[in-house]
Number of protein chains: 2
Amino acid sequence: MSINKLIASFNNYLPLNQQEQEDLAKRVTERRIKRRQFILQEGDLCNHYIFVVEGCFKLYHIDKKGIEHNLQFIAENDWIMELDSFYSEKPSRVYIEAIEPSLILQIKRPDLYYLFTNHPKFDRNFRVIVENRYVELENRVLQNISSTAEERYLSFLDQYPHLSLRLPNTQIASYLGITPEFLSKIRKEIVKK
Amino acid sequence: MSINKLIASFNNYLPLNQQEQEDLAKRVTERRIKRRQFILQEGDLCNHYIFVVEGCFKLYHIDKKGIEHNLQFIAENDWIMELDSFYSEKPSRVYIEAIEPSLILQIKRPDLYYLFTNHPKFDRNFRVIVENRYVELENRVLQNISSTAEERYLSFLDQYPHLSLRLPNTQIASYLGITPEFLSKIRKEIVKK
DNA sequence: CTTAACCCTTAAACTATGTTAAGGGTATTT
DNA sequence: AAATACCCTTAACATAGTTTAAGGGTTAAG
């Protein structure tokens with residue numbers, strides 16, 4: 001069952017006891033999501049913390065010119081949320097969309113607050129989840145800052161070999177911050193070598 | 001006294017009770033830092049969470065070409081740390097350097113862990129600190145992704161009016177991800193309008 | 001089975017930003 | 001007070017990445 005996958009994932013941090021597991025299970029809802037279905041749109045409030053049981057999502061922003069920028073891909077065993085919207089309860093500036101048929105578990109804001117208040121271990125565990133997410137984002141910024149598009153592409157292939165097969169190049173280009181045409185040029189260069 | 005500034009800053013989150021305040025005060029060390037002094041260098045381990053009482057720091061990365069990239073400026077009432085190094089206990093890839101004479105309070109890793117374990121409220125408060133930091137970083141990424149250098153400069157001036165006066169343009173350019181020469185060109189364009 | 005939607009590549013012209021080099025101005029340091 | 005280090009600007013030239021446009025291939029939808 002999918003809840004077991006969630007409980008297992010907490011073992012990476014502080015494992016949950018019986019009581020905590022039950023309280024968590026009671027507050028989690030399972031949902032099937034179709035390809036291209038949104039679980040958050042710009043302007044909406046992010047009301048859930050979401051755990052991906054299977055499938056894959058992209059989190060992206062659309063700029064004034066209408067160009068999509070992929071900020072993150074989120075696949076199995078990882079968490080999705082838009083923190084700014086979730087905690088400040090203000091409209092999201094990003095979209096979260098399934099790029100494959102997916103299965104998720106979601107926790108509503110008041111339910112998460114219930115868990116925080118009644119089991120401090122969740123404060124701890126969600127602190128660690130956010131810390132990890134922060135480190136990932138910081139690494140991405142460091143990467144972008146100090147590499148060319150080609151280097152970023154190569155290290156994307158290296159770091160996410162599974163994703164690079166599952167995603168079209170347009171999506172990868174958007175993640176790398178370049179146009180698909182330029183990615184094409186880069187790929188040609190790489191083959192030459 | 002500077003510890004009061006720290007305690008006051010927790011009132012933005014969950015206020016501390018008497019016992020928590022005392023336990024915190026016992027585990028905090030005050031340090032004066034000179035201009036240009038490092039509190040963290042690449043390759044070192046980040047062993048402290050640091051609260052800035054007064055002054056200002058820059059957190060930056062040096063790339064293969066030897067170019068400095070400012071990731072953050074941190075001023076009064078804010079926290080500095082290199083999360084990846086602090087929690088994973090691996091060498092830092094960034095430098096943290098005072099750009100003004102400063103006064104800080106630092107907490108050692110084991111002391112922070114003591115506070116986490118004995119007062120769950122610290123788990124909560126530091127969860128919120130990291131969440132805020134994450135949101136800031138995400139905003140920066142969104143900005144960088146969808147604006148020109150000129151737009152980024154204008155919104156930097158807007159968002160950090162105090163910093164823009166305290167910092168030389170070379171530092172601002174490094175934060176914006178452009179060369180000082182190009183910033184110069186931008187400033188000229190802006191004056192023209 | 002056919003059409004439409006999407007995806008990938010190429011190439012030429014273009015633009016934002018970087019590089020190099022030089023001159024003059026202000027702070028720090030000696 | 002002189003010397004050094006740092007900072008800001010300008011301008012000519014270089015380059016990484018974008019834009020536009022076009023052709024062909026593949027997948028999804030009617």
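Keep in mind the model is a prediction, meaning the values are calculated, not measured. Each chain gets a letter, A, B and so on, in the order its sequence line appears, and its residues count up from 1.
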Pair up each side-chain donor or acceptor in residues 93-105 of chain A with any protein partner under 3.5 Å, not counting sequence neighbours, and list the distances.
residue : atom : partner : partner atom : Å
A:R93   : NH1  : B:N139  : OD1          : 2.9
A:R93   : NH2  : B:N139  : OD1          : 2.7
A:Y95   : OH   : A:E42   : OE1          : 3.3
A:E97   : OE1  : A:Y60   : OH           : 2.7
A:E100  : OE1  : A:R166  : NH2          : 2.8
A:E100  : OE2  : A:R166  : NE           : 2.6
A:E100  : OE2  : A:R166  : NH2          : 3.3
A:S102  : OG   : A:C56   : N            : 3.2
A:S102  : OG   : A:E100  : O            : 2.7

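For B:E30, the side-chain hydrogen bond (donor to acceptor under 3.5 Å, both in side chains) partners are B:S2, not counting sequence neighbours.
Using a 4.0 Å cut-off on heavy atoms, the residues of residues 174-182 of chain B that approach DNA chain D are B:E181, listed by number. Listed by residue number, there are no residues of residues 62-75 of chain B with a heavy-atom contact under 4.0 Å to DNA chain D.
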Check: protein-nucleotides 24-30 of chain D nitrogen or oxygen pairs below 3.5 Å:
none

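Closest heavy-atom contact between B:L71 and B:R140: O-NH1, 2.6 Å. In this structure, A:L59 and A:M81 approach most closely via the heavy-atom pair CD1-O, 4.0 Å. Minimum heavy-atom separation, A:N70 to A:S174: N-OG, 2.8 Å.
In this structure, CD1 in B:I129 is found 10.5 Å from CZ in A:R127, a value given to the nearest 0.5 Å.
Between the side chain of A:Q106 and the backbone N or O of A:T29, no donor-acceptor pair lies under 3.5 Å. For the pair B:K121 (side chain) and B:P15 (backbone), a donor-acceptor distance under 3.5 Å is present. When atom types are taken as modelled, the side chain of A:S92 and the backbone of A:L45 share no donor-acceptor pair closer than 3.5 angstrom.
Judged by a 6.0 Å distance limit and a 45° cone about the ring axis, A:R27 is positioned over the six-membered ring of A:Y114.
With no hydrogens or angles considered, no side-chain donor-acceptor pair links A:S155 and A:Q159 at under 3.5 Å.
Annotation: B:K34, atom NZ; neighbour count of heavy atoms from other residues, nucleotides and ligands within 6.0 Å does not exceed 12.
Counting to the nearest Å, the C1' atom of D:dT15 and the CD atom of A:E150 are 14 Å from each other.
In this structure, A:T170 reaches the sugar-phosphate backbone alone: every heavy-atom distance under 4.0 Å involves primed, P, OP1 or OP2 atoms, never a base.
Below 30°, between 30° and 60°, or above 60°: for A:F10 and A:Y13 the angle between ring planes is above 60°, a perpendicular geometry.
Taking 4.0 Å as the cutoff to heavy atoms of chain A, we find the contact window on DNA chain C bounded by C:dC8 to C:dA11.
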